[in-house]
Participant: 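First the structure, which I've put down as structure tokens, then a few questions once you've had a look.
Keep in mind the model is a prediction, meaning the values are calculated, not measured. Nothing fancy with the numbering, it's 1 onward along the sequence.
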Amino acid sequence: QVQVVESGGGLVQAGSSLTLSCAASGRLFSTIALGWFRQVSGKEREFVASIDWSGTNTNYADSVKGRFAISRDNAKNQMLLRMNNLKPEDTAVYFCAAGSVGLGSNVWEYDYWGQGTQVTVSS
């Protein structure tokens, strides 16, 4: 099995930046695809961004294109989500997910999930 743990959430003002981190273990880090999702209470979990095993190819939700950047460092078994120009609409619990689907954007394409980290953006 694969274990993923995300961290880096917090409370920030609109327009500021925040970086989330995800660490994966249980399998060679470079062989798995990773993604970020977010969820607001009462709503479905929403795709944010994904990256393939090589770190070469990425996929972003339209709502975050140009503002968020996903990257991975296989030597450190770490994935980052750099979030810039944050908006109140970005407020959610952010989840790191792992799977073998490449650049999947659907919840059912991922097999392993972190516990979530809260990101709150104030006006």
Side-chain angles (χ1 to χ4, degrees):
Q1 63 180 269
V2 175
Q3 181 179 5
V4 293
V5 180
E6 63 274 79
S7 62
L11 174 62
V12 298
Q13 293 185 343
S16 62
S17 299
L18 193 64
T19 299
L20 303 183
S21 178
C22 174
S25 63
R27 187 181 298 180
L28 186 64
F29 189 79
S30 62
T31 66
I32 60 174
L34 298 171
W36 287 98
F37 289 76
R38 63 189 183 187
Q39 186 171 27
V40 176
S41 180
K43 295 186 177 181
E44 295 293 318
R45 193 164 295 186
E46 176 189 27
F47 170 74
V48 176
S50 60
I51 189 167
D52 70 353
W53 64 269
S54 70
T56 301
N57 302 300
T58 58
N59 188 22
Y60 295 93
D62 289 339
S63 60
V64 305
K65 286 181 179 178
R67 297 191 299 120
F68 291 10
I70 188 171
S71 63
R72 66 189 296 170
D73 186 337
N74 291 342
K76 297 181 179 180
N77 292 348
Q78 182 182 65
M79 175 178 66
L80 300 177
L81 181 68
R82 297 186 181 277
M83 305 182 292
N84 299 314
N85 302 122
L86 284 163
K87 305 175 181 180
E89 303 93 279
D90 295 318
T91 295
V93 175
Y94 283 70
F95 296 89
C96 178
S100 302
V101 298
L103 301 178
S105 60
N106 300 295
V107 170
W108 49 265
E109 294 178 291
Y110 292 83
D111 300 313
Y112 305 97
W113 297 83
Q115 81 288 351
T117 185
Q118 177 71 47
V119 173
T120 302
V121 184
S122 63
S123 300

Participant: How about Cys96 and Trp113: do any of their side-chain heavy atoms sit closer than 4.5 Å?
Facilitator: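 Of all side-chain heavy-atom pairs linking Trp113 with Cys96, none is under 4.5 Å.
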Participant: Please name the residue in the list Asp90, Asn84, Asn85 that meets the side chain to side chain donor-acceptor pair (under 3.5 Å) test with Arg67.
Facilitator: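 Running side chain to side chain donor-acceptor pair (under 3.5 Å) over Asp90, Asn84, Asn85 with Arg67 returns exactly one hit, Asp90.
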Participant: Would you kindly confirm whether Val64 and Val12 end up in one hydrophobic cluster when ILVMFWY residues are joined by side chain heavy atoms under 4.5 Å apart?
Facilitator: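 Yes, same cluster.
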Participant: Any side-chain to backbone donor/acceptor pair from Asp52 onto Gly55? Under 3.5 Å, distance only.
Facilitator: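 Flag set: sc Asp52 to bb Gly55 pair under 3.5 Å.
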Participant: Is any side-chain heavy atom of Asn57 closer than 4.5 Å to one of Leu103?
Facilitator: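 In contact.
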Participant: Whether the side chain of Ser50 engages the backbone of Leu34 through a donor-acceptor N/O pair (distance < 3.5 Å, no angle test) should be reported.
Facilitator: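 Not at all, since once roles are kept as given, no pair shorter than 3.5 Å links the two residues.
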Participant: Kindly compute the distance separating NZ (Lys87) from OG (Ser16), expressed to the nearest 0.5 Å.
Facilitator: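 The OG atom of Ser16 is 13.5 Å from NZ of Lys87, to the nearest 0.5 Å.
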Participant: Looking at every heavy atom in both Gly104 and Tyr110, which two are closest together, and how far apart are they?
Facilitator: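 That would be O-OH, 2.7 Å.
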Participant: Just how far is it from atom CD of Glu46 to atom OG of Ser105, taken to the nearest 0.5 Å?
Facilitator: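 Reported to 0.5 Å precision, the distance equals 11.0 Å.
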Participant: Is any side-chain heavy atom of Arg82 closer than 4.5 Å to a side-chain heavy atom of Phe68?
Facilitator: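 Result no, sub-4.5 Å side-chain heavy-atom pair not found.
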Participant: Is there a side-chain contact between Tyr94 and Gln39, using heavy atoms and a 4.5 Å cut-off?
Facilitator: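 No, their side chains stay 4.5 Å or more apart.
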Participant: Closest heavy-atom contact between Val40 and Ala92?
Facilitator: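 Here Val40 and Ala92 meet closest at CG2-CB, 3.9 Å.
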Participant: Answer yes or no: is there a side-chain heavy-atom contact under 4.5 Å between Gln13 and Val121?
Facilitator: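 The answer is no; the side chains never approach within 4.5 Å.
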Participant: Using a 4.5 Å cut-off on heavy atoms from C-beta on, say whether the side chain of Phe47 contacts that of Asn106.
Facilitator: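 Not touching, per the 4.5 Å side-chain cut-off.
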Participant: How close do Ala14 and Ser123 get, counting heavy atoms only, and between which atoms?
Facilitator: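 What the structure gives for the nearest pair is CB-CA, 4.5 Å.
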Participant: Provide the closest heavy-atom pair for Val4 versus Cys22 in the form atom of the first, atom of the second, distance.
Facilitator: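 So the two residues come closest at CB-SG, 4.1 Å.
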Participant: Treating Gln78 as the side-chain partner and Ala23 as the backbone partner, does any N or O pair qualify as donor plus acceptor under 3.5 Å?
Facilitator: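 No, because the side chain of Gln78 does not come within donor-acceptor range (under 3.5 Å) of the backbone of Ala23.
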Participant: Indicate the atoms forming the closest heavy-atom contact of Tyr60 with Ala49, along with that distance.
Facilitator: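 Closest approach of Tyr60 to Ala49, heavy atoms only: CD2-CB, 3.7 Å.
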Participant: Working note: Val119 + Leu20, criterion side chain to side chain contact (heavy atoms under 4.5 Å, CB included); need CA distance, chi angles, decisive distance, verdict.
Facilitator: CA-CA 9 Å; Val119 173; Leu20 303 183; 4.0 Å; yes
Participant: I want to check something: taking the side chain as every heavy atom from C-beta on, are Arg38 and Arg45 in contact at a cut-off of under 4.5 Å?
Facilitator: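 In short, these two side chains do not touch, never coming nearer than 4.5 Å.
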Participant: Without hydrogens or angle criteria, can the side chains of Gln118 and Thr120 be said to hold a donor-acceptor pair below 3.5 Å?
Facilitator: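 Yes.
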Participant: So is Arg72 actually on top of Trp53's ring, under 6.0 Å and inside 45° of the axis?
Facilitator: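 No.
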